[in-house]
> 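One structure is given below, represented as structure tokens, and several questions about it will come after.
Everything numeric in this text was worked out from a predicted model, so none of it was measured.
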Amino acid sequence: MNDDIQAQEQAQAAAKALSAVRRRRFIKLGASTVPVTLTLASRPVMAWHCNTTSAWGSQQLAPTAASVKARMDSAVVTGSETWSKSNWRNNSAYYTVSDKRPFQVLAEHFKYSKTSSKTAEQVCQANCTIGKLFGSGGLFGVSDSLKVWDAVRGVGGASEFATYMTVAKLNMLLTPGMYKNRLDACFRDIKGVDQVTWMAKQGPNRYVPTGLPNTSPAWSWDKMKQYLESNWLVV
């Protein structure tokens, strides 16, 4: 547990340093921009939580413990936003993340090219699979051949679990300020294992955060969903 706390504190320090830079850049856009931005998201603008699954799980087990509560309160960081489920489902841009549509960014990441009849993002939507995103067998209960485009829309047999985990993985991989600037460290254990990806592979009622005791109960889908929403990975 102490190792995980230390890793989380290091991740928080990095996140806060980055957020300060991004906030200064944001302020330079002009004060008139702030009220407009505040009306565009249901979650706090430029704010999310940086909690490893084991730290968050500890809080659930001992919600009144002062030391645990202090860690949770200090885990709020600013300066990063993620695409919502709606953004992915509708392939709609969210300008605080990027002026590009999310599947444009995904197409660029996987180096899809346009054809004579399709844009690069259309090629990506038609060809990018769960297996390509997660690796073979990387999403519990879902065929590797399922299209990412179908998963985020909850079609083609994609369950709510599949949709949430796909959106979480996409946001961790592509959102500026997370993977590229190492804010994804908030979701890694002391050994650097990406717990969200591990959660996706293990599935509901099988996943236990690596920082918690082996006797800890496996997380249900409801608990997984609560973690992803509480930490603003999937909204």
Side-chain angles (χ1 to χ4, degrees), residues 7 11 14-15 18-19 22 43 46 48-53 77 79-113 120-140 142-154 158 161-189 191-203 207 224-225 227-235:
L18 174 63
S19 71
R22 294 192 68 184
R43 61 192 184 278
M46 299 191 302
W48 54 287
H49 290 69
C50 180
N51 289 297
T52 61
T53 53
V77 296
S80 186
E81 287 282 344
T82 57
W83 286 290
S84 68
K85 295 196 304 294
S86 177
N87 291 140
W88 281 106
R89 182 173 63 249
N90 298 308
N91 192 28
S92 57
Y94 181 34
Y95 85 95
T96 58
V97 178
S98 172
D99 58 358
K100 298 178 180 179
R101 291 181 295 275
F103 272 93
Q104 283 181 285
V105 179
L106 184 62
E108 291 174 1
H109 177 80
F110 283 127
K111 303 186 187 309
Y112 284 105
S113 300
E121 65 187 298
Q122 289 172 330
V123 174
C124 179
Q125 289 170 332
N127 293 279
C128 186
T129 64
I130 289 297
K132 188 173 184 67
L133 181 63
F134 284 93
S136 179
L139 183 56
F140 178 78
V142 175
S143 169
D144 290 345
S145 62
L146 179 70
K147 301 293 190 297
V148 169
W149 178 228
D150 288 342
V152 298
R153 292 181 297 156
F161 168 77
T163 296
Y164 266 68
M165 297 313 305
T166 301
V167 169
K169 178 72 171 180
L170 289 165
N171 281 336
M172 289 184 69
L173 182 66
L174 301 173
T175 301
M178 293 189 70
Y179 180 78
K180 294 178 181 179
N181 291 305
R182 307 310 299 168
L183 291 193
D184 67 328
C186 298
F187 307 103
R188 294 179 182 272
D189 66 12
K191 295 181 180 180
V193 176
D194 172 0
Q195 289 295 292
V196 173
T197 300
W198 184 236
M199 183 188 299
K201 186 177 181 66
Q202 290 295 295
Y207 169 77
M224 289 179 171
K225 182 177 179 181
Y227 171 79
L228 295 171
E229 291 179 341
S230 296
N231 291 282
W232 307 109
L233 263 181
V234 182
V235 293

> Looking only at heavy atoms, what is the nearest atom pair of F140 and Q202, with distance?
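Looking at all heavy atoms of both residues, the closest pair is CD1-O, 3.5 Å.
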> For Y164 and K85, which heavy atoms make the closest approach, and how far apart are they?
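Looking at all heavy atoms of both residues, the shortest contact is OH-NZ, 3.6 Å.
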> Rounded to the nearest 0.5 Å, how far apart are CD of E229 and CE of M224?
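These two atoms lie 14.0 Å from each other.
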> Which heavy atom of S113 sits nearest a heavy atom of V123, and at what distance?
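Closest approach of S113 to V123, heavy atoms only: O-CG2, 3.5 Å.
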> Can you tell me how far apart CG (L174) and NZ (K169) are? Round to the nearest 0.5 Å.
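NZ of K169 is found 10.0 Å from CG of L174.
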> Check the pair T82, Y94 against side-chain contact (heavy atoms from CB on, under 4.5 Å), reporting the backbone distance first and the verdict last.
CA-CA 8 Å; T82 57; Y94 181 34; over 6 Å; no
> Rounded to the nearest 0.5 Å, what separates atom CD in E121 from atom CZ in R101?
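Here the interatomic distance stands at 4.0 Å.
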> Over all heavy atoms of both residues, which pair between S92 and S86 is shortest? Give the atoms and the distance, please.
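Heavy-atom minimum between the residues: OG-O, 4.0 Å.
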> When you look at V142 and M165, which way does the side-chain contact (heavy atoms from CB on, under 4.5 Å) test go after all the steps?
CA-CA 11 Å; V142 175; M165 297 313 305; over 6 Å; no
> Whether the S145 and S143 side chains hold a donor-acceptor pair (N or O, under 3.5 Å, no angle test) is what I'd like checked.
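Looking only at side-chain atoms, S143 and S145 do form a donor-acceptor pair, the distance falling under 3.5 Å.
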> First locate atom OG1 of T129, then atom CZ of F134, and finally report the distance between them rounded to the nearest 0.5 Å.
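Output value for this atom pair is 11.0 Å.
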> Output a table of donor-acceptor pairs, distance under 3.5 Å, between side-chain atoms of residues 146-153 and any protein atom two or more places apart or on a different chain; print 'none' if there are none.
| from | atom 1 | to | atom 2 | distance (Å) |
| --- | --- | --- | --- | --- |
| D150 | OD1 | R153 | NH2 | 2.6 |
| R153 | NE | W149 | O | 3.0 |

> Of all heavy-atom pairs between A168 and L228, which one has the smallest distance, and what is that distance?
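Looks like CB-CD2, 4.1 Å.
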> Would Y112 and Q122 count as a side-chain contact (heavy atoms from CB on, under 4.5 Å) here? Give the steps.
CA-CA 9 Å; Y112 284 105; Q122 289 172 330; over 6 Å; no
> Is any side-chain N of the basic residue among E108 and K100 closer than 4.0 Å to the acidic one's carboxylate O?
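Salt bridge between E108 and K100, a charged N being under 4.0 Å from a carboxylate O: yes.
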> Without swapping roles, check the side chain of N171 against the backbone of W83 for a donor-acceptor pair under 3.5 Å.
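Checking the backbone N and O of W83 against the side chain of N171, a donor-acceptor pair under 3.5 Å is found.
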> Would you give the length of the straight line joining atom CD of Q195 to atom CE of M172, rounded to the nearest 0.5 angstrom?
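Spacing of CD (Q195) from CE (M172) equals 9.5 Å.
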> Does the pair V105 and V97 meet the rule for a side-chain contact (heavy atoms from CB on, under 4.5 Å), with working shown?
CA-CA 11 Å; V105 179; V97 178; over 6 Å; no
> How many angstroms lie between CG in L106 and CG in L170, if you round to the nearest 0.5 Å?
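Between atom CG of L106 and atom CG of L170 there are 6.0 Å.
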> What heavy-atom pair brings C124 and F103 nearest, and what distance separates the two atoms?
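Distance-wise, the nearest heavy atoms are SG-CD2, 4.1 Å.
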